[in-house]
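Sequential numbering from 1 along the given sequence is applied to the chain's residues.
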Amino acid sequence: QASSEVDQEDDEGWSVPALPRPAPESPTRPRATHTAPSSAEGSYSIVRRNAVSGRAETLLACQRGLAGLEQLVVIKRVLPEVAQDAHFRRVFVQAARQAISLDHPHLVDLQDLNDGHALYVVMEYLSGEDLSYLIRRLVREELTMSPAVACRIVAQLAEALQHVHGACDMQGQPLNLLHLSVAPRNIVVTYTGAAKLLDLGMSPADSQDVYTLPGTLKSQLAYRAPEQLAHAEVDGRADVFSLGVVLYELLTQQRLFKGDNEANVIKSVMELPVLAPSQVNSSVPPAFDQVVLGALERDPERRTPTAGELQRQLEQTLAETRNFVTLSDVAHWMQQALADRWSERQDLERQALQEARDATATPSTLAQLPSLLSGGGSSVNSLTPSMATGSGVSVSGAALPVPYEVLREGASRALVVTLIISVAILVVVAVAGIAYRLGQRDEGPSDRPAAMPTEPPAGQGQPRAGLAEDSPASLLVHVVPGGAT
């Protein structure tokens, strides 16, 4: 029964590195249009759409610099109909700006933000698996994870949350940031052993979210703190509770709060007695029980006070139980337990880079006007220092580099326009000169004796009304068919 409930969980695919799979369709809106592979989008070559949710789509892309640097990145693009919501746009941009200002090895590296007509963020590509995938495999008993590896993963995440909660601005003032959406689908464990927290402040945060696809809210509520569900005041301890749920599920290899609908999930979070992990999974040392149960206290006043304290308790318990687990040990477990998956991902990464190279080399794709990354808007990339974290490569400088092919195409267009304008000017000057010479020839030699003015015969030689003799239009009088002057 637990497995069937996990299977029903609708993972929105916000964890970018997931291997390609059919994206869920919304019954109330058309499928997003940016699905064609090998389409050049500004300084990015879009390889494929990875997933789509009620709010956004995630696109796997290759970023190429002028010096030939190539790296896979992920573009999280808000769907056009959602981007029109002024309130959502304001909240999304604010959260993205704050996330970009953070620099920590266990937070996903956000590299750029566009808040123009197209609303999107660019983040590092993570070569790993989201925790929702790992937990599903654990629950189905397809994998086994040692308690020490589970605690090392969560200790990394606790360290990242402590960094978020204590972040300050450039003036040293607290930013008072919270994640409030700590859940397996927002956590990635890479094949190098690093655990990364995604979507800081950019995930659905309440049960009234109109952009959440049907069925996805249930899985999100299972990781919310009781005070969150009660719409009470929250602080960093809400994130500690959510991380406690994640730790419990990794240790016990079972879902904690379940229900067949949202109301039952909420009731489970509020009322379900929580057994000690060692009682559910005999391989868990009892020394970890108090650490987990302390994070899962429903009363915030009795709960583990900070994410930093949770990390300290985990590190201490690991040392006391002589489980000296490092990131290398986590990497070894990932590479061994998911050997086939790891091989698939490496093949995917090589294929994605090759598809991006093929797309850039195709003239038809270079001629396309950028649509995904168009629309102007400001970019905070020029306002933030370089942030190199984990497996991602950060971008610094005033703007993201534009590929050489795009620069060459723009220069060619500028040259053509310049030539057309130059030819047009020469044609106008030539026509004016010919007309002027014709006028001079019709007036006769300059040494012809001047005649005394006389009255012209009636009907002949009368000047035309309103036309000055030396005006540009008067030149046209001399070339009217019939020879009349």
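Nearest heavy atom pair, residue Val292 against residue Gly244, reads CG1-O, 4.4 Å. Residue Leu138 comes nearest to Leu143 through the heavy atom pair CD2-O, 3.5 Å, listed as atom of the first residue, atom of the second, then distance. The two residues Gly308 and Gln162 make their nearest non-hydrogen contact at N-OE1, 2.7 Å. Nearest heavy atom pair, residue Tyr120 against residue Arg77, reads CB-CA, 3.8 Å. Looking at every heavy atom in both residues, Leu178 comes nearest to Asp235 through CD2-C, 3.5 Å. Annotation for Ser283 and Pro147: closest pair O-CG, 3.5 Å, computed over non-hydrogen atoms.
Using a 4.5 Å heavy-atom threshold, the side chains of Cys62 and Glu70 count as touching. With a 4.5 Å cut-off on side-chain heavy atoms, Leu251 and Met145 do not count as touching. Proximity of Ile75 to Val121: side-chain heavy atoms (C-beta onward) are nowhere separated by under 4.5 Å. Leu177 places none of its side-chain heavy atoms less than 4.5 Å from the side chain of His165. Within the 4.5 Å cutoff, the side chain of Leu198 has heavy atoms near those of the Val188 side chain. Annotation: side chain of Val93 is in contact with side chain of Leu119 (closest heavy-atom distance under 4.5 Å). The closest side-chain heavy-atom distance from Leu318 to Phe324 is not below 4.5 Å. You'll find the side chain of Val74 stays beyond 4.5 Å of the side chain of Asn50, heavy atoms only.
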- request: I would like to know whether Glu315 and Arg152 meet salt bridge (charged side-chain N to carboxylate O under 4.0 Å, His left out); could you show each step before the answer?
  value: CA-CA 8 Å; Glu315 299 284 4; Arg152 174 55 57 200; 2.8 Å; yes
message: Working note: Lys196 + Asp109, criterion salt bridge (charged side-chain N to carboxylate O under 4.0 Å, His left out); need CA distance, chi angles, decisive distance, verdict.
response: CA-CA 9 Å; Lys196 297 264 190 170; Asp109 182 16; over 6 Å; no
query: For Val73 and Gln111, what are the C-alpha separation, side-chain angles and deciding distance, and is it a side chain to side chain contact (heavy atoms under 4.5 Å, CB included)?
result: CA-CA 9 Å; Val73 296; Gln111 300 172 353; 3.8 Å; yes
- prompt: Between His332 and Gln336, does a side chain to side chain contact (heavy atoms under 4.5 Å, CB included) hold up when you go through it step by step?
  reply: CA-CA 6 Å; His332 178 76; Gln336 294 295 317; 3.6 Å; yes
query: Could you walk me through whether Val189 and Met334 pass the side chain to side chain contact (heavy atoms under 4.5 Å, CB included) check?
result: CA-CA 8 Å; Val189 182; Met334 289 286 295; 3.8 Å; yes
message: Using side chain to side chain contact (heavy atoms under 4.5 Å, CB included), reason through Phe88 and Val78 one step at a time and then give a plain yes or no.
response: CA-CA 10 Å; Phe88 174 84; Val78 176; 3.5 Å; yes
- request: Kindly indicate, with the supporting measurements, whether the criterion salt bridge (charged side-chain N to carboxylate O under 4.0 Å, His left out) is fulfilled by Glu297 and Arg303.
  value: CA-CA 5 Å; Glu297 282 284 356; Arg303 191 179 304 155; over 6 Å; no
- request: Give the C-alpha distance, both sets of side-chain angles, the deciding distance and a yes or no for salt bridge (charged side-chain N to carboxylate O under 4.0 Å, His left out) between Glu57 and Lys76.
  value: CA-CA 6 Å; Glu57 60 181 350; Lys76 182 173 179 179; over 6 Å; no
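Checking Glu349 against Ser127 by side-chain atom types alone, a donor-acceptor pair falls below 3.5 Å. Under the 3.5 Å distance criterion, with hydrogens and angles disregarded, a donor-acceptor pair is assigned to the side chains of Gln316 and Arg312. Inspection of the Asp289 and Ser278 side chains reveals an N or O donor paired with an N or O acceptor under 3.5 Å. Inspection of the Tyr191 and Gln346 side chains reveals no N or O donor paired with an N or O acceptor under 3.5 Å. Side-chain contact, Asp347 with Gln351: no donor N or O sits under 3.5 Å from an acceptor N or O. Of the N and O atoms on the side chains of Tyr223 and Glu249, at least one donor lies less than 3.5 Å from an acceptor on the other residue.
The CG atom of Leu72 lies 10.5 Å from the CD atom of Gln63; values are rounded to the nearest 0.5 Å. Note that the OG atom of Ser242 and the CG atom of Leu157 stand 12.0 Å from one another [nearest 0.5 Å]. From Cys151, atom SG reaches atom CD of Gln311 across 12.5 Å, with rounding to the nearest 0.5 Å. Note that the CG atom of Asn261 and the CG atom of Leu221 stand 10.5 Å from one another [nearest 0.5 Å]. Separating the CD atom in Glu129 from the CZ atom in Arg136 is a distance of 10.5 Å, to the nearest 0.5 Å. Annotation: the span from Asp169 atom CG to Asn176 atom CG amounts to 10.0 Å, rounded to 0.5 Å.
With hydrogens and angles disregarded, a donor-acceptor distance shorter than 3.5 Å links the side chain of Gln279 to the backbone of Ala276. Between the side chain of Thr304 and the backbone N or O of Thr306 there is no donor-acceptor pair closer than 3.5 Å. In terms of modelled atom types and a separation under 3.5 Å, the side chain of Ser268 and the main chain of Asn264 share no donor-acceptor contact. Distance alone, capped at 3.5 Å, places no donor-acceptor pair between the Asn323 side chain and the Ala148 backbone.
Annotation for Asp340: atom CG does not count as buried by contact number, only 12 or fewer foreign heavy atoms lying within 6.0 Å. By the 6.0 Å contact criterion, CD on Glu141 is open, its count of non-hydrogen atoms from other residues, nucleotides or ligands being 12 or less.
Residues Arg237 and Glu227 are not paired through a salt bridge, judged by the lack of any N-O separation under 4.0 Å between the basic side chain and the carboxylate. Checked for salt-bridge contact, Arg298 and Glu271 miss the test: no charged N lies under 4.0 Å from a carboxylate O.
Partner of Pro184 under the side-chain contact (heavy atoms from CB on, under 4.5 Å) criterion, out of Val245, Leu134, Ile135, Asp130: Ile135 alone.
Figure legend: cation-pi geometry between Arg255 and Tyr248 absent, as NZ or CZ is not positioned both under 6.0 Å from the six-membered ring centre and within 45° of its axis.
Taking the six-membered ring where tryptophan is involved, the planes of His104 and His163 are tilted, since the angle between them lies from 30° to 60°.
Residue pairs satisfying the salt bridge (charged side-chain N to carboxylate O under 4.0 Å, His left out) criterion with at least one member in residues 317-334, sequence neighbours excluded, are absent.
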